Amino acid sequence: MAAEPTLKKVFEDIELPLVPVLSRIERTGALVDDTLLFQQSQELSARLGELETEAWELAGQQFNLASPKQLGQILFEKLQIPVLKKTAKGAPSTKEEVLQELALDYPLPKVLLEHRGLAKLKSTYTDKLPTMINSVTGRIHTSYHQSGTATGRLSSSDPNLQNIPIRSAEGRRVRQAFIAAPGCKLVAADYSQIELRIMAHLSEDPSLLAAFSAGQDIHRATAAEVFGVETDEVTIDQRRSAKAINFGLIYGMSAFGLARQLGINRKQAAEYIELYFTRYPGVQSYMNNIRHSAAENGFVETVFGRRLYLPEINASNGMRRQAAERTAINAPMQGTAADIIKLAMINVHNWLENSDLTSKIIMQVHDELVLEVPESEMDEVQKGLKGLMESAAELLVPLVVDIGVGDNWDEAH
DNA sequence: AGGTTAAGCGCG
DNA sequence: AAAGCGCGCTTAACCT
């Protein structure tokens, strides 16, 4: 790593060499099986119709389920359901979190939740993606944008292939429609816990460095430290809490936010955080140092010198200042991860171009690369890909890449 | 008719 | 009073 990273270096080492990689992705694109999506669309239509009927019965009238105005009137006026939360403009909120809460006591919110989830799936993915298949290439070609994000990540649009569903079973059917060409498989390679590894690198916290160097399950290790138990005695619930703490730290979350996330009281959440900082003092120092350095310099930067300027870091408005502080905490980690995968993309691309291999990078999803790989090249590509991604940067902790293979994108995970 | 904003939600 | 970072897309509601 350069002793004094510079913005010029980021531009010359990362951004310019990435250009041909991205144009190549545009030329390759992803194959999508539209008959699978068509089938799913039919099923969704049927289910959405049932749910709409159920909702109308529970409401005692017909209404547009997608209309916040009509929905609000029915839930909070007609049915007299209490308003738990309001939107920025003062209207009663009907977002998922609220409906989940209300679903415990009332039948309609539950129906709305399922309807909303499936409607989103259908309109954004199932029905939309087939219309985006290029008639000449038979593939979907997204646009990757190299500039525009605050942290140095790419973004993807028209269509956005960086938010294809994965968390629900119904959603994964969309992912199953992303398929490999005949004779090929899809290979998905993703960095394991890259932002937490970068946090370990930046903070140089001994326990965190040790945990990663030993190849430990980081959430389990955190749980063991925070809850004072042996790693093999960590419960599911303790690991879940530790995971929330770890992610919360990356985002600069407060005790209030952690409490809400875990459904515990604020005092308890504050104790968790305090205990965490006792066990990982380097992380606490890092958080404080980055706040101070941001306030002094007016910017933060990644390991490679990519800067993010934070004009509100010294704002007199406390809320704005705190928001800038959270960004100051998150941006070096998110941004360094973005730099690393960009370097990996350049290296992988050059390696493939300068070989006889015909495998291609076809997608990037922040910490994941997806390649279309002929079966004859499978072993060589998997090995090379993993090696190049893991050696894209040398941090104080190892970078680890998990690789999956399948006939479709879901299987490859 | 066409653009913009707000709310909501998909992903890392 | 707010309270967790970064994106893009869809619909409704509002505006010109």
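As a basis for the values below, the full set of heavy atoms in this structure was taken, side chains included, without hydrogen atoms, waters or symmetry mates. Treat the numbers as computed from the prediction; the structure is a model and nothing was measured. Here is the naming used below: chain letters follow the sequence lines, and residue numbers restart at 1 for every chain.
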Original post:
Checking all strands, does A/Arg326 fall into the base, sugar-phosphate, or nothing category for heavy-atom contacts under 4.0 angstrom?
Top reply: sugar-phosphate
Original post:
Using the P atom in both, what is the distance from C/dA1 to B/dC9, to the nearest Å?
Top reply: 25 Å
Original post:
Think A/Ser93 has a side-chain N or O under 4.0 angstrom from the OP1 or OP2 of B/dG8?
Top reply: yes
Original post:
Does a nitrogen or oxygen in the side chain of A/Thr124 sit under 4.0 Å from OP1 or OP2 of B/dC9?
Top reply: no
Original post:
Applying a 3.5 Å limit to both distances, which nucleotide forms a Watson-Crick or G-U wobble pair with C/dA3?
Top reply: none
Original post:
Expressed as a whole number of Å, how far does the P atom of B/dA6 sit from that of C/dA2?
Top reply: 16 Å
Subject >> Parallel, tilted or perpendicular: ring planes of A/Phe299 versus A/Tyr309, cut at 30 and 60 degrees >> reply: tilted
**OP:** Starting from P on C/dA3, measure out to CG on A/Leu262 and report it in whole angstrom.
**Re:** 18 Å
Original post:
If we call it a pair only when both distances are under 3.5 Å in a Watson-Crick or G-U wobble match, what pairs with B/dT4?
Top reply: C/dA13
Original post:
Once you round it to whole Å, what is the distance between C1' of C/dA13 and NZ of A/Lys69?
Top reply: 8 Å
Original post:
So, for A/Tyr280 and A/Tyr276, is the gap between ring centers shorter than 6.0 Å?
Top reply: yes
Subject >> B/dG12 OP1/OP2 closer than 4.0 Å to side-chain N/O of A/Arg167 >> reply: yes
Original post:
Looking at residues 47-65 of chain A, who's got a heavy atom less than 4.0 Å off DNA chain B?
Top reply: none
